[in-house]
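When reading the values below, keep in mind they use all heavy atoms of this one structure, side chains included, and skip hydrogens, waters and symmetry mates. So you know, we letter chains A, B, ... as the sequences are listed, proteins then strands, and number each from 1.
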Amino acid sequence: DAGVTQSPTHLIKTRGQQVTLRCSPKSGHDTVSWYQQALGQGPQFIFQYYEEEERQRGNFPDRFSGHQFPNYSSELNVNALLLGDSALYLCASSLDGRLGTGELFFGEGSRLTVL
Amino acid sequence: LAKTTQPISMDSYEGQEVNITCSHNNIATNDYITWYQQFPSQGPRFIIQGYKTKVTNEVASLFIPADRKSSTLSLPRVSLSDTAVYYCLVGVPYNQGGKLIFGQGTELSVKP
């Protein structure tokens with residue numbers, strides 16, 4: 001049973017460029033959330049996708065956008081990159097519904113460096 | 001959203017029991033308390049979740065007093081591999097339409 005997979009694992013961009021990160025959720029999961037984790041900090045919630053729509057959003061500018069596909073996979077897009085966007089970007093999947101704990105399953109992350 | 005406060009760091013030795021306490025004075029009625037563990041360069045991993053009293057699984061125990069304004073994660077007989085950052089989260093779980101906010105976490109260092 002494959003867990004959450006993210007790609008690419010590492011990438012380097014320059015200021016002003018755009019980046020797309022990809023995530024495949026754990027088999028059977030229908031909800032995908034994205035987090036940004038700067039060095040030495042806890043993960044910061046960016047947004048959550050369910051049924052191909054953004055359901056929740058954290059305190060991030062519109063430069064951060066996303067998409068969820070019919071197969072539940074998701075993309076995170078960041079435009080006009082800033083140096084401060086350098087971080088580990090984590091994708092987490094979960095199963096919606098009122099059964100269980102709502103446990104999040106995280107991927108290994110995509111390490112973005114902006115120069 | 002309820003804010004959490006937990007120690008920045010803790011030290012322990014192999015074989016000891018470790019208790020990490022988290023304060024959440026403004027926890028709401030619908031909020032659950034969830035703990036995650038994170039190793040360097042990996043995504044966080046779910047440890048345990050509870051609403052009140054005590055919850056125990058194969059990895060840890062979670063103690064929640066009646067007023068729910070704090071909680072304690074208990075790790076029995078820690079080993080070197082338990083060295084990680086531990087996050088206390090308070091909120092409505094995702095599967096109930098909520099979102100969970102991570103704080104700075106507690107960096108646990110287990111020594112031989």
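At a threshold of 4.5 Å between non-hydrogen side-chain atoms, the residues P43(A) and Y87(B) count as touching.
Residue E108(A) holds its CD atom at 11.5 Å from CZ of F39(B), rounded to the nearest 0.5 Å. In this structure, CZ on F45(A) lies 11.0 Å from CZ on F102(B), to the nearest 0.5 angstrom.
With a 4.5 angstrom heavy-atom cutoff, Q38(B) touches chain A only via side-chain atoms. Heavy atoms of Q37(A) lying under 4.5 Å from chain B belong exclusively to its side chain.
Enclosure of atom CZ in F69(A) by more than 12 non-hydrogen atoms of other residues, nucleotides or ligands within 6.0 angstrom is indicated. The environment of L39(A) atom CG is sparse: at most 12 non-hydrogen atoms of other residues, nucleotides or ligands sit within 6.0 angstrom. In this structure, Q42(B) places its CD atom where more than 12 heavy-atom neighbours from other residues, nucleotides or ligands lie under 6.0 Å away. Other residues, nucleotides and ligands place more than 12 heavy atoms under 6.0 Å from the CZ atom of R57(A).
Here P44(B) is the residue among S41(B), G105(B), P44(B) with the most heavy-atom pairs under 4.5 Å with chain A.
L104(A) and L88(A) fall within a single hydrophobic cluster, where Ile, Leu, Val, Met, Phe, Trp and Tyr are joined by side-chain heavy atoms under 4.5 Å apart, directly or via other members.
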